[in-house]
Peer 1: 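Could you have a look at this structure, given as structure tokens, before my questions?
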Amino acid sequence: MTETADDLSTPLGQDKPRRKRRLRLPFTAMQLLAVLLGLFLLSFAGFAIFNKDPLGGEPMKRIAIGDSKATDEKPAASGHGQDGKNESKPDSKHETKEAPKSPGEQKTVTMIDGSTGARHDVVIGAGDAAEKSEAAAASAPPPVMAGIDPKMLEKSRYGMIPMVAGDLKPFNVYAADADRAKAAKMPVVAIVIGGLGVGAAKTTDAIMKLPPAVTLAFTPYGADPGKLAERARAQRHEIFLQIPMEPYDFPDNDPGPQTLLTSLSPDQNMDRLYWHLSRMQGYAGITNFMGARFVATEPAMQPIIREAAKRGLGFFDDGSSPRSIASQAAGSAAMPFGKGDIAIDAVPTPTEIDRALNKLESAARERGAAVGTASALPVSIDRISAWTKTLGDRGILLVPLTTAMLKSKSS
């Protein structure tokens with residue numbers, strides 16, 4: 001007899017149908033994906049590390065650069081038979097056709113370093129001719145400026161440098177025009193703007209915005225200081241040349257290449273002086289650029305003063321070093337000399353610059369002549385330009401530096 005039982009009469013937990021077991025993997029899909037990604041990265045890193053291609057698979061092109069001599073000899077070599085033809089025929093897979101190049105033609109190829117990404121431009125095709133022309137241009141002395149008397153120039157290993165020619169001296173010939181008779185009867189003020197020649201913009205502002213009676217001092221550095229100095233002279237400014245000299249905190253504070261140093265011999269410093277003197281022409285004298293240690297060291301300073309005096313130049317001490325022996329050295333060499341009294345923009349704010357200019361006026365009234373120094377900061381140029389416009393109304397004459405130097409010597 002067959003017994004049937006419905007689900008309601010069946011005791012719980014008995015005769016329960018069994019579920020089919022599903023196949024389970026020992027890892028999840030995400031774990032599998034991570035393993036595959038790791039294997040891919042590992043393979044890529046191994047290829048990059050152990051592959052011998054330094055460009056890392058970057059596209060590159062090989063260019064055959066033939067010697068001009070080999071090109072000329074190739075037609076003669078190709079007439080020696082079939083073997084010569086076969087040897088001269090390149091593989092068709094790597095054949096490259098180039099347009100014929102005229103002799104001396106240059107081609108610039110950019111080389112890319114695959115490991116660093118650095119780019120290097122290489123000029124190909126000019127050969128020794130290009131190298132010789134570049135070397136000649138780099139070693140060429142600065143050109144002679146317009147309006148320079150060639151009789152007062154002497155050739156040095158670096159270029160033309162000033163010299164005395166009979167009664168002609170650079171200090172007198174290149175001094176700016178001034179009413180010296182009037183200057184002898186009233187207080188005078190001279191202003192020297194230094195640090196010019198390096199920045200074309202600030203130099204141009206000083207040349208164009210300041211009156212011609214303001215003297216401009218140029219450093220020997222910059223791409224073309226002579227061109228800017230020539231422009232200054234065209235605007236009737238008197239110019240002086242700044243000579244970089246050793247400060248006390250040298251080399252932490254380095255004036256620049258070819259600086260005159262107390263540790264060098266007189267001959268070595270003289271050679272450096274000639275380099276500076278050759279950078280431009282038309283200056284009435286020289287002045288120190290920094291150099292607190294050098295101008296205070298007599299064995300180093302004396303030969304420089306004697307050489308400048310022999311060449312008919314004046315010397316201006318900017319007054320930054322209280323220990324300077326320049327005045328005594330210039331006196332013993334019978335050399336025109338001047339010294340700065342007040343640094344106008346030691347604190348480069350309009351208020352402090354105006355205060356320094358007022359002090360300069362007072363010094364001129366007390367001593368008859370006073371010299372102020374400043375840099376070509378925009379605020380300095382603006383305040384000095386405004387101050388000079390009303391200076392004559394206050395009974396003081398603005399004169400070039402050479403005029404103030406001569407008045408100080410005669411008084």
Peer 1: Using 30° and 60° as the class boundaries, would you call the ring planes of F315 and F337 parallel, tilted or perpendicular?
Peer 2: parallel

Peer 1: Determine, stepwise, if the pair L153 / I148 fulfils side-chain contact (heavy atoms from CB on, under 4.5 Å).
Peer 2: CA-CA 9 Å; L153 291 177; I148 303 302; 3.8 Å; yes

Peer 1: Decide yes or no on side-chain contact (heavy atoms from CB on, under 4.5 Å) for F171 and T402, but give the supporting numbers first.
Peer 2: CA-CA 8 Å; F171 181 83; T402 53; 3.6 Å; yes

Peer 1: Would E238 and T215 count as having a side-chain donor-acceptor pair, cut-off 3.5 Å?
Peer 2: yes

Peer 1: Atom CG in L377, atom CG in D382: separation rounded to 0.5 Å?
Peer 2: 10.5 Å

Peer 1: Could you point out which residue of V214, I384, T403 forms a side chain to side chain contact (heavy atoms under 4.5 Å, CB included) with L398?
Peer 2: V214

Peer 1: Decide yes or no for L277 and I286: does some side-chain heavy atom of the first lie under 4.5 Å from some side-chain heavy atom of the second?
Peer 2: yes

Peer 1: Heavy atoms, side chains only, cut-off 4.5 Å: are S321 and F294 in contact?
Peer 2: no

Peer 1: Decide yes or no for P162 and Y283: does some side-chain heavy atom of the first lie under 4.5 Å from some side-chain heavy atom of the second?
Peer 2: yes

Peer 1: Around atom CZ of R394, are there more than 12 heavy atoms of other residues, nucleotides or ligands at under 6.0 Å?
Peer 2: yes

Peer 1: I need the L41 CG to L39 CG distance, nearest 0.5 Å.
Peer 2: 9.0 Å

Peer 1: Looking at D167, I'd like to know if its CG atom is crowded, meaning that more than 12 non-hydrogen atoms belonging to other residues, nucleotides or ligands lie closer than 6.0 Å.
Peer 2: no

Peer 1: Between T204 and R231, is any pair of side-chain heavy atoms under 4.5 Å apart?
Peer 2: yes

Peer 1: First locate atom CE of M301, then atom CD of Q328, and finally report the distance between them rounded to the nearest 0.5 Å.
Peer 2: 10.5 Å

Peer 1: Is a donor from one side chain sitting under 3.5 angstrom from an acceptor on the other, for S265 and D267?
Peer 2: no

Peer 1: Rounded to the nearest 0.5 Å, how far does CD1 of I193 lie from CD1 of I381?
Peer 2: 6.5 Å

Peer 1: Examine distances only and state if a side-chain atom of T297 and a backbone atom of A300 form a donor-acceptor pair shorter than 3.5 Å.
Peer 2: no

Peer 1: Applying salt bridge (charged side-chain N to carboxylate O under 4.0 Å, His left out) to D354 and R383, what does each step give before you reach the verdict?
Peer 2: CA-CA 7 Å; D354 290 345; R383 298 313 304 157; 3.0 Å; yes

Peer 1: Could R157 and D271 be called an ion pair, given the rule that one side-chain N must be under 4.0 Å from one carboxylate O?
Peer 2: yes

Peer 1: Counting neighbours of CG on D254 that are heavy atoms of other residues, nucleotides or ligands and sit closer than 6.0 Å, is the number greater than 12?
Peer 2: yes

Peer 1: With side-chain contact (heavy atoms from CB on, under 4.5 Å) as the test, would you mind laying out the steps for Y158 and H276 before giving the verdict?
Peer 2: CA-CA 9 Å; Y158 301 112; H276 296 302; over 6 Å; no

Peer 1: Carefully, step by step, assess Q302 and R306 under the rule side-chain contact (heavy atoms from CB on, under 4.5 Å).
Peer 2: CA-CA 6 Å; Q302 282 282 6; R306 286 196 298 266; 3.6 Å; yes

Peer 1: Mind running salt bridge (charged side-chain N to carboxylate O under 4.0 Å, His left out) on D341 and R367 for me, showing each step along the way?
Peer 2: CA-CA 11 Å; D341 297 300; R367 301 196 295 265; 2.9 Å; yes

Peer 1: So Y274 and E307, do their side chains get closer than 4.5 Å, heavy atoms only?
Peer 2: yes

Peer 1: Nearest 0.5 angstrom please: L241 CG to Q281 CD, how far?
Peer 2: 10.5 Å

Peer 1: Is it true that the side chains of D318 and T373 contain a donor and an acceptor less than 3.5 Å apart?
Peer 2: no

Peer 1: Looking only at side chains, do T259 and E246 share a donor and an acceptor under 3.5 Å apart?
Peer 2: no

Peer 1: Would you mind checking if E352 and R355 are paired as a salt bridge, meaning a charged N to carboxylate O distance below 4.0 Å?
Peer 2: yes

Peer 1: From the options I396, V371, V399, select the one residue that forms a side chain to side chain contact (heavy atoms under 4.5 Å, CB included) with V188.
Peer 2: V399

